[in-house]
2 protein chains.
Amino acid sequence: MREEDRNDIRNLPLFRNMTSPAFDALMHAAYDQVFPAQLELIRQGEVANFLHVVLEGAVELYANWQDRDTTMAVVQPVATFILAACMRDAPYLMSARTLRRSRIVLIPAVDVRAAFARDHGFALATVQELSEGYRNFVRHAKNLKLRNARERLGAYLWQRSLDTGGAQGFVLPQEKRLLASYLGMTPESLSRAFKALRDHGVHIDGMRVTITDPAALAALVQPNTLLDTALNIP
Amino acid sequence: MREEDRNDIRNLPLFRNMTSPAFDALMHAAYDQVFPAQLELIRQGEVANFLHVVLEGAVELYANWQDRDTTMAVVQPVATFILAACMRDAPYLMSARTLRRSRIVLIPAVDVRAAFARDHGFALATVQELSEGYRNFVRHAKNLKLRNARERLGAYLWQRSLDTGGAQGFVLPQEKRLLASYLGMTPESLSRAFKALRDHGVHIDGMRVTITDPAALAALVQPNTLLDTALNIP
DNA sequence: GGACAAAGTTGATCCAGATCAAACCTCGCG
DNA sequence: CGCGAGGTTTGATCTGGATCAACTTTGTCC
């Protein structure tokens with residue numbers, strides 16, 4: 001593994017407060033691999049063998065049932081995913097695929113659990129990470145149940161705007177059909193929701209979004225940290 | 001606190017593997033209280049001061065935004081709730097109210113975090129509990145996004161049937177309007193969904209449900225541990 | 001640079017589930 | 001025992017978002 005990547009991982013909240021020996025042991029057991037776009041990394045129902053860390057690229061977490069599919073989250077570098085399944089030693093509830101060529105570190109779940117047992121700083125960080133993941137899914141469920149399609153899109157755009165440093169203009173980080181699936185609607189409905197938001201201070205041109213009237217958008221979506229997920233999801 | 005209640009708490013997975021001194025310290029700091037029905041225990045947005053343990057009665061976790069409300073979960077004895085907010089020292093994302101007269105133990109969040117730091121068995125149990133909570137919310141979100149109203153109800157009834165020991169007949173544990181809200185639909189739609197399920201092996205009479213044709217119901221809902229939440233929720 | 005595929009948009013139509021309104025139960029209580 | 005309030009069901013109607021189909025745009029690969 002490259003020194004630089006190692007440092008990126010070391011600086012993640014999850015690993016920041018580990019002792020060096022414990023961290024070294026984890027990294028020693030880990031695999032660093034590059035995967036092409038559209039590769040299925042994990043299939044839901046398999047038992048969790050690895051904690052994944054995305055160093056470059058992007059990974060989609062999705063779920064399916066019968067012939068239906070839905071996007072649950074997008075993981076951007078540098079971040080980990082499916083910690084919960086690893087800690088429980090349980091089957092993955094979601095599948096994962098690369099959205100583009102991605103570099104990913106795989107840490108054997110058994111080593112993660114061993115590190116948890118030995119290193120208190122890591123144990124604490126694990127709980128913080130799990131708690132925040134838990135809370136983000138509570139937010140996702142609240143969003144789905146309490147807001148309609150237009151409001152969900154508006155809230156999403158508002159949050160993206162904040163995440164890009166309060167800039168009024170930004171570029172959508174993923175293609176629209178994926179965003180539609182994440183927000184729980186069809187691509188057609190997303191397209192119409194964008195049109196509807198023109199009356200609420202949002203201008204869209206291809207992938208480029210401009211919030212022309214923040215007050216109007218805020219009035220519609222009532223942004224709220226109890227519903228809106230900060231940071232790269234997706 | 002009564003000896004019996006103390007034992008019930010001690011036997012919860014979360015507390016089972018604590019050292020006795022650590023458990024005693026936690027219990028020493030805890031309050032044991034009885035609340036009437038319909039009392040708001042927690043309001044979303046407040047900072048988490050207590051981990052709650054339901055000993056008797058039942059507690060509804062719900063969320064609201066603007067003038068809309070939705071039920072997120074029902075906690076049955078003996079179980080804890082809002083561990084994630086306590087560990088993060090963050091605002092509650094959900095409100096909580098008693099559904100009936102309930103006995104609840106309140107453990108100061110600061111003591112919970114201290115116990116986590118000192119007692120490894122508790123730390124491990126905390127992570128297991130959080131992970132499972134996390135996974136249950138993933139399931140809830142998957143359910144909402146992948147199944148329609150009728151399928152959600154069918155899956156719910158299937159799971160309740162399993163939870164009551166595979167019995168074909170059982171009584172709904174909560175009133176229907178609450179169930180409707182939990183399943184993400186209106187009471188009217190729930191009523192119609194019940195009627196629609198008559199063609200899929202479900203008979204309903206008031207609060208009493210009978211699964212007359214398990215194969216037919218299973219064919220409709222395709223029960224699946226990756227979507228369906230076992231145990232008392234709600 | 002042209003051609004082909006995939007993503008996105010637009011329009012027409014449909015339908016699951018919401019809303020509104022009116023019974024109809026059920027159960028606690030004076 | 002009747003009465004009232006809240007829960008539930010039923011019916012009529014409406015509508016947000018899905019579906020289906022056609023068209024346009026964008027990106028990719030010889």
Side-chain angles (χ1 to χ4, degrees), chain A residues 36-38 60 66-71 74 97 99-101 143-156 171-200 202-209 220-221 234, chain B residues 36-38 60 66-71 74 97 99-101 143-156 171-200 202-209 220-221 234:
Chain A
Q38 296 303 327
E60 177 191 4
Q66 312 268 71
D67 58 344
R68 300 168 214 170
D69 274 53
T70 190
T71 300
V74 172
R97 71 166 77 97
L99 287 172
R100 53 190 80 106
R101 179 185 163 84
N143 231 322
L144 289 168
K145 292 178 87 174
L146 294 170
R147 294 210 263 228
N148 65 25
R150 194 168 38 120
E151 291 161 348
R152 291 200 297 277
L153 175 59
Y156 172 83
V171 174
L172 292 175
Q174 314 299 152
E175 55 183 23
K176 291 182 189 172
R177 69 200 186 98
L178 189 147
L179 176 58
S181 177
Y182 173 69
L183 294 175
M185 65 185 93
T186 59
E188 295 95 322
S189 292
L190 180 72
S191 182
R192 292 183 175 110
F194 267 120
K195 262 167 78 168
L197 286 183
R198 287 194 298 219
D199 297 341
H200 299 272
V202 175
H203 180 260
I204 176 102
D205 177 26
M207 291 281 110
R208 165 129 235 115
V209 175
L220 176 74
V221 308
Chain B
Q38 297 302 328
E60 177 191 4
Q66 312 267 72
D67 59 344
R68 301 168 213 170
D69 275 54
T70 189
T71 301
V74 173
R97 70 166 78 96
L99 287 172
R100 53 190 79 105
R101 181 184 160 84
N143 231 320
L144 290 168
K145 293 178 87 173
L146 293 170
R147 295 209 264 227
N148 65 26
R150 194 168 39 121
E151 290 161 348
R152 291 200 297 277
L153 174 59
Y156 172 83
V171 175
L172 292 176
Q174 315 298 153
E175 55 184 22
K176 290 182 189 170
R177 68 197 187 102
L178 190 146
L179 176 57
S181 177
Y182 172 69
L183 293 175
M185 65 185 93
T186 59
E188 294 96 321
S189 292
L190 180 72
S191 182
R192 291 181 176 112
F194 267 119
K195 262 167 81 169
L197 287 182
R198 286 195 299 218
D199 297 340
H200 299 271
V202 175
H203 180 259
I204 176 103
D205 177 27
M207 291 281 112
R208 165 131 234 115
V209 175
L220 175 74
V221 308

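Only a predicted model underlies this, so the values are computations on that prediction, with no experimental measurement involved. To find a chain, count down the sequence lines: A is the first, B the second, and so on, and within it residues start at 1.
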Provide the full list of salt bridge (charged side-chain N to carboxylate O under 4.0 Å, His left out) pairs with a residue in residues 175-184 of chain A, sequence neighbours left out, each pair given once.
Glu175(A)-Arg177(A)
Tell me: CG of Leu172(A) to C1' of dT9(C), nearest whole Å?
15 Å
Set of salt bridge (charged side-chain N to carboxylate O under 4.0 Å, His left out) partners for Arg68(A), sequence neighbours left out
Glu151(B)
Short side-chain N/O contact from Lys195(A) to OP1 or OP2 of dT10(C), under 4.0 Å:
yes
Side-chain donor/acceptor of Ser181(B) to backbone N/O of Thr71(B), under 3.5 Å:
yes
Rounded to whole angstroms, how far apart are CE on Met207(A) and P on dA6(C)?
17 Å
Give the residues of residues 185-192 of chain B touching DNA chain C, defined as any heavy atom closer than 4.0 Å, sorted by residue number.
Met185(B), Thr186(B), Glu188(B), Ser189(B), Arg192(B)
Using chain B heavy atoms and a threshold of under 4.0 Å, write down where along DNA chain D the contacts begin and end, 5' to 3'.
dG7(D) to dA12(D)
By salt bridge (charged side-chain N to carboxylate O under 4.0 Å, His left out), which residues pair with Arg97(B), not counting sequence neighbours?
Glu60(B)
Which heavy atom of Gln174(A) sits nearest to which heavy atom of Val74(A), and what is that distance?
OE1-CG1, 3.6 Å
Minimum side-chain heavy-atom gap Tyr156(A)-Leu183(A) below 4.5 Å
yes
Note: Arg152(A) and Arg147(A) closest approach over all heavy atoms is NH1-O, 2.8 Å
Listed partners of Arg101(A) passing side-chain contact (heavy atoms from CB on, under 4.5 Å), at least two apart
Val34(A)
Mind calculating the distance between CG (Leu99(A)) and P (dA7(C)) to the nearest angstrom?
12 Å
In whole angstrom, what separates Asp205(A)'s CG from dT9(C)'s C1'?
13 Å
Do Leu220(B) and Asp199(B) make a side-chain contact, defined as non-hydrogen atoms from C-beta onward lying under 4.5 Å apart?
no
Measure from CG on Asp67(B) to P on dA18(C) and round the result to the nearest Å.
15 Å
Expected list for residues 186-194 of chain B: side-chain donor-acceptor pairs under 3.5 angstrom, two or more places apart:
| unit_1 | atom_1 | unit_2 | atom_2 | d |
| --- | --- | --- | --- | --- |
| Thr186(B) | OG1 | Ser189(B) | N | 3.2 |
| Thr186(B) | OG1 | Ser189(B) | OG | 3.1 |

Which atoms of nucleotides 23-29 of chain C (N or O only) lie under 3.5 Å from a protein N or O atom, and what are those distances?
none

Could you grab the distance from atom CE of Met185(B) to atom CG of Leu144(B), nearest 0.5 Å is fine?
9.5 Å
Quick one: list whatever passes side-chain hydrogen bond (donor to acceptor under 3.5 Å, both in side chains) with Arg150(A), sequence neighbours left out.
His200(A)
Residue from Val202(A), Val209(A), Val221(A) passing side-chain contact (heavy atoms from CB on, under 4.5 Å) with Leu197(A):
Val202(A)
May I ask you to list the residues of residues 144-154 of chain A, by number, that have any heavy atom positioned under 4.0 Å from an atom of DNA chain D?
Asn148(A), Ala149(A)
Using a 4.5 Å cut-off on heavy atoms from C-beta on, say whether the side chain of Arg198(B) contacts that of Ile204(B).
no
Can you pull out how bent the helix from dG1(C)-dC30(D) to dG30(C)-dC1(D) is, comparing the axes over its first five and last five pairs, to 10°?
40°
